[in-house]
S.K.: 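First the structure, which I've put down as structure tokens, then a few questions once you've had a look.
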Amino acid sequence: MIIVMASRAKDDIARVVAKIKELGYQAHLIEGVERTVIGAVGDERTKATLLEAMESMHGVESVMPILKPYKLASREMKPEYTVIKVNGVQIGGGAFCVMAGPCSVESREQIIESAHVVKSGGGQMLRGGAYKPRTSPYSFQGMEEEGLKLLKEAREATGLPVVTEVMTPEQVKIVESYADMLQVGARNMQNFGLLKAVGKARKPVFLKRGMMSTISELLMSAEYIMSEGNREVILCERGIRTFETETRNTCDIAAVPVLKKLTHLPVFLDPSHATGHWDLVEPIARAAVAAGADGLMIEVHPRPVEALSDGGQSLKPERFKNLMDNLKPLVELMGKRI
Ligand code: PEP
Ligand code: MN
């Protein structure tokens, strides 16, 4: 249920929050520019009428059910788009953000060089995996904590905030201590223990769509994170599995406007994993901008032929720079700034 407050008085809000908790629901306060709403989140079947009766409480304007299965992530709960700030970088709210870097952190030289390429090309954040979710246990698994330390060095060298993947609940603490943003990968989108753990973390979460997940399931995964208290979630379309084999995945470009309609959370697209081929990255990046995405995640490597993972879809430095230059006017045409 959404309880829309007519009053912004602290004691009215406190009474409503106390009543919600007394009925056995979680209370989530959302103070928008125009109004304050309080979400009562829990099983609505049991005490819906008691929640509805709260309309008679002092300071309450109306009580409305949230019809979608996801509550905190829905635009019904929060009509204003969420804006997230990561060490001075704005995500959402008209800012266009490009997170770029190699698939994996491979060495000090490689990640520092990549960070400079991203920075000089005009990217806002550095990506790079230290814990890698590889299909084969015999493939490179990532540099783990050593990789996290190198990411921190790369941030210090360039000022770019860092996003990196966390694969298990046990890893959250260590990854959080180095990274500015926690990535939950496609393969872990429904790892509910991990979602709960990053929901308790103090860093924003970059949540990638599972390769066999619906948009609604992606939003339910965001709901898991948000219901643990972390409201800073960024959603990312990265392609889904279909019968098509020309591309690594099938990019669901429509997911961008659909998500913008259904949720207030920022929406990104990853054209690298969505296509699997470096030469398809730019056209799909352009399509994402045109579809209304708030940003992109792109794989860039100083020497893609030497990459330990995903070299075939990684852009060379000059191609990244070109892509950024070409995107700029399109981003501005869409009313955003980069
Ligand atoms: C990645 O970003 O490196 C990655 C593994 O992506 P995904 O989880 O989308 O496959
Ligand atoms: Mn990759």
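The figures that follow rest on heavy atoms only: side chains count, while hydrogens, waters and symmetry mates do not. In listed order, ligands and their atoms are each counted from 1.
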S.K.: Can you tell whether the side chains of K203 and D180 come within less than 4.0 Å, N to carboxylate O?
M.R.: no
S.K.: Under the rule for side-chain hydrogen bond (donor to acceptor under 3.5 Å, both in side chains), what residues qualify as partners of E80, not counting sequence neighbours?
M.R.: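 For E80 there are no side-chain hydrogen bond (donor to acceptor under 3.5 Å, both in side chains) partners, ignoring immediate neighbours.
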S.K.: Could you check whether R75 makes a cation-pi contact with Y81, meaning its NZ or CZ is under 6.0 Å from the centre of the six-membered ring and within 45° of the ring axis?
M.R.: yes
S.K.: In a simple table, one pair per line, please give the protein and ligand 1 atom names for every N or O pair closer than 3.5 Å, along with the distance.
M.R.:
{"residue": "ligand 1", "atom": "2 (O)", "partner": "R127", "partner atom": "NH1", "Å": "2.7"}
{"residue": "ligand 1", "atom": "2 (O)", "partner": "Q183", "partner atom": "NE2", "Å": "2.9"}
{"residue": "ligand 1", "atom": "2 (O)", "partner": "K208", "partner atom": "NZ", "Å": "2.9"}
{"residue": "ligand 1", "atom": "3 (O)", "partner": "R127", "partner atom": "NH1", "Å": "3.4"}
{"residue": "ligand 1", "atom": "3 (O)", "partner": "R127", "partner atom": "NH2", "Å": "2.8"}
{"residue": "ligand 1", "atom": "3 (O)", "partner": "K132", "partner atom": "NZ", "Å": "3.0"}
{"residue": "ligand 1", "atom": "6 (O)", "partner": "K208", "partner atom": "NZ", "Å": "3.0"}
{"residue": "ligand 1", "atom": "8 (O)", "partner": "A186", "partner atom": "N", "Å": "2.7"}
{"residue": "ligand 1", "atom": "9 (O)", "partner": "K208", "partner atom": "NZ", "Å": "2.9"}
{"residue": "ligand 1", "atom": "9 (O)", "partner": "R238", "partner atom": "NE", "Å": "2.6"}
{"residue": "ligand 1", "atom": "10 (O)", "partner": "R187", "partner atom": "NH1", "Å": "2.8"}
{"residue": "ligand 1", "atom": "10 (O)", "partner": "R238", "partner atom": "NH2", "Å": "2.8"}

S.K.: If you measure only the distance, is there a donor-acceptor pair under 3.5 Å linking the side chains of H301 and E306?
M.R.: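 Checked: H301/E306 side chains show no N/O donor-acceptor pair below 3.5 Å.
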S.K.: Would you call K328-E332 a salt bridge at under 4.0 Å N-O?
M.R.: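 Judged by the 4.0 Å cut-off on N to carboxylate O distance, K328 and E332 do form a salt bridge.
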S.K.: I'd like to verify the contacts: list protein N, O or S atoms under a distance of 2.8 Å from the Mn ion (ligand 2).
M.R.: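 Counting only protein N, O or S atoms under 2.8 Å from the Mn ion (ligand 2), the list reads C103 SG, H273 NE2, E299 OE2, D310 OD2.
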S.K.: In terms of side-chain geometry, is the basic nitrogen of R134 or D310 positioned less than 4.0 Å from the acidic oxygen of its partner?
M.R.: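 Here R134 does not pair with D310 in a salt bridge, since their nearest N and O are not under 4.0 Å apart.
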S.K.: Between the side chains of Y131 and Q141, does any donor sit under 3.5 Å from an acceptor?
M.R.: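 Short answer, no.
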S.K.: Listed by chain and number, what are the salt bridge (charged side-chain N to carboxylate O under 4.0 Å, His left out) partners of D325, not counting sequence neighbours?
M.R.: K321
S.K.: Does a side-chain N-to-carboxylate-O contact under 4.0 Å join E282 and R286?
M.R.: yes
